[in-house]
Protein chains: 2
Amino acid sequence: MPASPAAAPPFKALPEPSDLPQPLPEPAVDELRLETVLGALSDPLRLTIVRKLLLESENFDHTCGWFGFDRPKSSLTHHFKALREAGVTRQRQYGLERRSHVRVDDLNARFPGLLELVAAWTPED
Amino acid sequence: MPASPAAAPPFKALPEPSDLPQPLPEPAVDELRLETVLGALSDPLRLTIVRKLLLESENFDHTCGWFGFDRPKSSLTHHFKALREAGVTRQRQYGLERRSHVRVDDLNARFPGLLELVAAWTPED
DNA sequence: CATGCAGTACGATCGAAGTCGTACATAGGA
DNA sequence: TCCTATGTACGACTTCGATCGTACTGCATG
């Protein structure tokens, strides 16, 4: 059956492996603030990051380099940190790498519909 | 009858009087950019403005002073301009006064669900 | 142990935006 | 016509964020 256009896909929360490193510091669900989240998403590069994570994540989470941005590494660190501190993404340290994924359940619980807007976004129209 | 919680209220687009002044310069519907709109909404004072317009607008639109903010007038002008230039509100000049209202239809068309998030927002939790 | 690699930390620079004081414009009323 | 009230325009100050170079950390591999 075709996807009903009215039923917004909540994006699946990927099952987490059992032996994960602790997440880096992040706001709790009830500490998420709409104005902060919107501020984190008011940047084209960060919208691209979140949208790509929502639509193209086959694996559980992804390293900074997986996105293939042509930017200095320190710039990317800055944006990934902004997303995490706003509560949009969760980051875990896997040895050398710091991997990110979207906090789908938390965001859907607090701001239903928001991730659908991000997924529908297109850069530069 | 009580409002159904599942049916998201699209907020009514208030009927416009027939003899309105021209709106001040604003982006067209198809020029609305998600990152710009989110940036305009990533400020507590501006969220308060939009939310108040959505929930408490009995009249068609409202003057800058109707909100009762305790801020310098020039600061308010700045924020109302930011909302209009992002496409969130429309402003019309009525003689001395510049009145604002939310572009409900345009925003619902381009970013469905966004206004519901703003209406559900509460300052400072 | 030396090298390479992934990514962070720090700090400098630059521009955009928030804040606000002051001056200005206009309509309405005494 | 003068005064007042509403609100804008402009400019100064300050803060914040984006960008990026450079140095550093830690693992993995030879």
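Below, chain A is the first sequence line, B the second, and so on; all start at residue 1.
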A.B. asks: May I have the distance from B:Leu45 (atom CG) to C:dA17 (atom P), rounded to whole angstrom?
C.D. replies: 16 Å
A.B. asks: Which of the following nucleotides, C:dG18, C:dC20, D:dG7, is nearest to the side chain of B:Asp43?
C.D. replies: C:dG18
A.B. asks: Calculate the interatomic distance between B:Tyr94 atom OH and C:dA25 atom P; express it in whole Å.
C.D. replies: 25 Å
A.B. asks: On DNA chain C, check which nucleotide each of B:His79 and A:Gln91 is closest to and give me the residue with the more 5' one.
C.D. replies: A:Gln91
A.B. asks: Nearest to the B:Arg46 side chain among C:dG18, C:dG21, D:dT6, which nucleotide is it?
C.D. replies: C:dG18
A.B. asks: Which whole-number value in Å describes the distance from B:Gln93 CD to D:dG7 P?
C.D. replies: 10 Å
A.B. asks: Starting from C1' on C:dG4, measure out to NZ on A:Lys73 and report it in whole angstrom.
C.D. replies: 11 Å
A.B. asks: Within a strict 4.5 Å, meaning less than it, do heavy atoms of the A:Leu41 and A:Leu114 side chains meet?
C.D. replies: yes
A.B. asks: I'd like to know if B:Leu24 and B:Leu107 are part of one continuous hydrophobic network [Ile/Leu/Val/Met/Phe/Trp/Tyr, side-chain heavy atoms within less than 4.5 Å].
C.D. replies: no
A.B. asks: Can you tell me the distance, in whole Å, between the NE2 atom of B:His78 and the P atom of D:dT15?
C.D. replies: 16 Å
A.B. asks: Nearest to the A:Arg98 side chain among C:dT22, C:dT19, C:dA9, which nucleotide is it?
C.D. replies: C:dA9
A.B. asks: Give a yes/no on whether any side-chain N or O of A:Thr77 is located under 4.0 angstrom from OP1 or OP2 of C:dT8.
C.D. replies: yes
A.B. asks: Is the shortest side-chain N/O distance from B:Arg71 to OP1 or OP2 of C:dT19 below 4.0 Å?
C.D. replies: yes
A.B. asks: Is the shortest side-chain N/O distance from A:Arg99 to OP1 or OP2 of C:dA6 below 4.0 Å?
C.D. replies: no
A.B. asks: Apply salt bridge (Lys or Arg N to Asp or Glu O under 4.0 Å) to A:Arg103 and list each qualifying residue two or more places apart in sequence or on a separate chain.
C.D. replies: A:Glu26, A:Asp106
A.B. asks: B:Leu83 has an atom CG; how far is it from atom P of D:dT8, in whole Å?
C.D. replies: 13 Å
A.B. asks: Could you state whether B:Val104 and B:Trp121 fall into the same hydrophobic cluster, counting links through intermediate Ile, Leu, Val, Met, Phe, Trp or Tyr residues with side-chain heavy atoms under 4.5 angstrom apart?
C.D. replies: yes
A.B. asks: Donor-acceptor pair, B:Arg110 side chain versus B:Leu32 backbone, under 3.5 Å?
C.D. replies: yes
A.B. asks: Rounded to whole angstroms, how far apart are CG on A:Leu41 and P on D:dA18?
C.D. replies: 12 Å
A.B. asks: To the nearest Å, give me how far apart NZ (B:Lys81) and P (C:dG18) are.
C.D. replies: 12 Å
